[in-house]
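This report refers to the structure that appears directly beneath it.
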Amino acid sequence: NVDLDLVEINPQAIRSRKFAAPDVTESAELFQKFLDGLEKTATAEARHQLILKECADWLASNGLTPLASSSVDLAYKIHGKVFAFEIKSATADSFTAQFEAGVMQIARYKWEFVSRGIDVDAGLIIELPETVSATTDFQNFAEFLGINLLFWVSRESFPKRVEGLIPLY
């Protein structure tokens with residue numbers, strides 16, 4: 001089920017979730033693989049929450065109320081229209097997989113909003129690693145699905161950090 005019950009979020013309260021290790025003491029190798037995976041997950045979670053916090057701060061500083069649900073990472077409303085976003089952190093190695101997962105998630109959320117008669121503009125905000133430059137195919141595919149593709153570029157400052165987060169009205 002997709003949770004579309006959007007509630008206001010406080011950007012200052014955004015924190016990374018903590019992940020706990022299950023008992024994998026059967027072998028040192030298995031335990032080390034688990035720890036390596038846990039470290040990658042924690043790093044990705046920290047980046048995700050940083051992107052969310054920065055975007056929520058940017059929205060709030062521009063007079064918009066950042067919203068979220070247990071499904072939708074970030075949203076806001078302008079003139080009765082919902083702008084909903086899925087957020088994905090990415091590395092050069094994970095970019096394609098994160099793009100594919102994110103675009104399908106937000107497409108599903110968009111379908112849920114529309115099927116309930118809610119006017120929505122849906123987008124994916126994905127971290128753009130410095131070594132990823134060929135993004136035209138990703139942009140074209142997202143456009144084909146009716147999804148706005150926004151890149152979070154850490155070396156830029158707002159508004160260029162996530163160009164297009166707030167549409168021009």
Side-chain angles (χ1 to χ4, degrees), residues 1-19 40-92 94-95 97-130 132 135 138-139 141-143 145-169:
N1 284 337
V2 176
D3 176 10
L4 301 182
D5 185 23
L6 300 172
V7 296
E8 185 173 348
I9 56 174
N10 175 358
Q12 305 316 313
I14 296 171
R15 303 278 185 269
S16 293
R17 296 170 292 182
K18 302 291 184 216
F19 299 93
K40 285 181 181 179
T41 299
T43 300
E45 170 67 11
R47 294 295 282 183
H48 178 279
Q49 295 303 90
L50 173 64
I51 296 166
L52 173 59
K53 182 182 183 326
E54 286 188 352
C55 290
D57 277 339
W58 178 247
L59 293 174
S61 72
N62 282 276
L64 297 168
T65 302
L67 307 167
S69 74
S70 63
S71 299
V72 178
D73 286 331
L74 181 65
Y76 61 91
K77 295 178 183 177
I78 296 178
H79 307 301
K81 185 174 198 163
V82 173
F83 292 79
F85 300 93
E86 174 62 23
I87 294 173
K88 291 292 183 189
S89 60
T91 63
S94 72
F95 186 84
Q98 289 294 84
F99 167 80
E100 290 171 351
V103 80
M104 291 311 299
Q105 279 179 271
I106 196 63
R108 171 69 194 275
Y109 303 164
K110 179 181 179 179
W111 180 81
E112 290 283 349
F113 277 111
V114 170
S115 69
R116 296 180 195 183
I118 299 169
D119 189 18
V120 66
D121 195 0
L124 171 63
I125 299 169
I126 187 167
E127 180 175 8
L128 183 64
E130 288 188 33
V132 175
T135 58
F138 296 106
Q139 291 167 312
F141 183 70
E143 185 179 330
L145 295 176
I147 303 298
N148 296 311
L149 181 58
L150 309 178
F151 298 109
W152 183 81
V153 184
S154 64
R155 63 187 174 275
E156 298 286 350
S157 57
F158 277 93
K160 287 188 174 186
R161 182 162 288 182
V162 183
E163 275 191 274
L165 181 58
I166 302 173
L168 301 175
Y169 271 84

Determine the minimum heavy-atom distance between Ser89 and Arg47, stating which atoms define it. CB-CB, 3.6 Å

At their closest point, which heavy atom of Asp121 faces which heavy atom of Lys81, and how far apart are they? CB-CE, 3.7 Å

If you count every heavy atom of other residues, nucleotides or ligands that lies below 6.0 Å from Glu143 atom CD, does the total exceed 12? no

Side chains of Val82 and Tyr76 in contact at under 4.5 Å (non-hydrogen atoms): no

pair Ile126-Phe151: side-chain heavy atoms closer than 4.5 Å: yes

Kindly indicate whether the side chain of Leu59, heavy atoms from C-beta on, has any atom under 4.5 Å from the side chain of Leu74. yes

Counting C-beta onward and ignoring hydrogens, is there a side-chain heavy-atom pair between Pro11 and Pro66 closer than 4.5 Å? yes

For a quick test of reading the model, state the closest non-hydrogen atom pair linking Ile14 to Lys53 and the distance between them. CD1-CA, 3.7 Å

Show the nearest heavy-atom pair for residues Leu64 and Lys77, with the distance to one decimal. CD2-O, 4.1 Å

Using modelled atom types only, decide if a donor and an acceptor are shared between the side chain of Glu86 and the backbone of Gly102 within a distance under 3.5 Å. no

Report yes if the side chains of Arg116 and Glu112 come closer than 4.5 Å at any heavy-atom pair, otherwise no. yes

CD/Gln139 to CZ/Phe99 distance, rounded to the nearest 0.5 angstrom? 9.0 Å

What I'd like to find out is whether the side chain of Ile51 reaches to under 4.5 Å of the side chain of Ile125, using heavy atoms alone. yes

Within the side chain of Arg161, is there an N or O that forms a donor-acceptor pair under 3.5 Å with the backbone of Ser154? yes

How would you list, by chain and number, every residue that makes a side-chain contact (heavy atoms from CB on, under 4.5 Å) with Asn10, sequence neighbours excluded? Gln12, Ala13

Report the residues that fulfil side-chain contact (heavy atoms from CB on, under 4.5 Å) with Val114, sequence neighbours left out, ordered by chain and then residue number. Lys110, Val120

Between Leu165 and Phe83, does the side-chain contact (heavy atoms from CB on, under 4.5 Å) criterion hold? Intermediate values first, please. CA-CA 9 Å; Leu165 181 58; Phe83 292 79; over 6 Å; no

Partner of Lys88 under side-chain hydrogen bond (donor to acceptor under 3.5 Å, both in side chains), chosen from Glu100, Gln105, His48: Gln105

Worked check of side-chain contact (heavy atoms from CB on, under 4.5 Å) between Val72 and Leu6: CA-CA 8 Å; Val72 178; Leu6 300 172; 4.0 Å; yes

Do Cys55 and Val162 have side-chain heavy atoms sitting under 4.5 Å apart? yes

At what distance, to the nearest 0.5 angstrom, does CD1 of Ile87 lie from CD of Gln98? 12.5 Å

Tell me, do Trp152 and Glu54 make a side-chain contact under 4.5 Å, heavy atoms counted? yes

From CD1 (Ile147) to CE (Met104), nearest 0.5 Å: 9.0 Å

For the student: nearest non-hydrogen atoms of Ala84 and Phe113, plus distance: CB-CE1, 3.9 Å

When you measure from the side chain of Ser115 to the backbone N and O of Trp111, does any donor-acceptor pair fall under 3.5 Å? yes

Could you tell me the separation between the CD1 atom of Ile166 and the CD1 atom of Ile78, rounded to the nearest 0.5 Å? 7.0 Å

Any donor-acceptor N/O pair, Asp73 side chain to Phe85 backbone, under 3.5 Å: no

Using atom types as modelled and distance alone, determine if a side-chain donor or acceptor of Ser71 lies under 3.5 Å from a backbone N or O of Asp3. yes

Check whether Thr135 reaches the backbone of Phe138 with its side chain - one donor and one acceptor, N or O, closer than 3.5 Å. no

Once side-chain contact (heavy atoms from CB on, under 4.5 Å) is applied, do any residues pair with Ala97, and if so which ones, sequence neighbours excluded? none

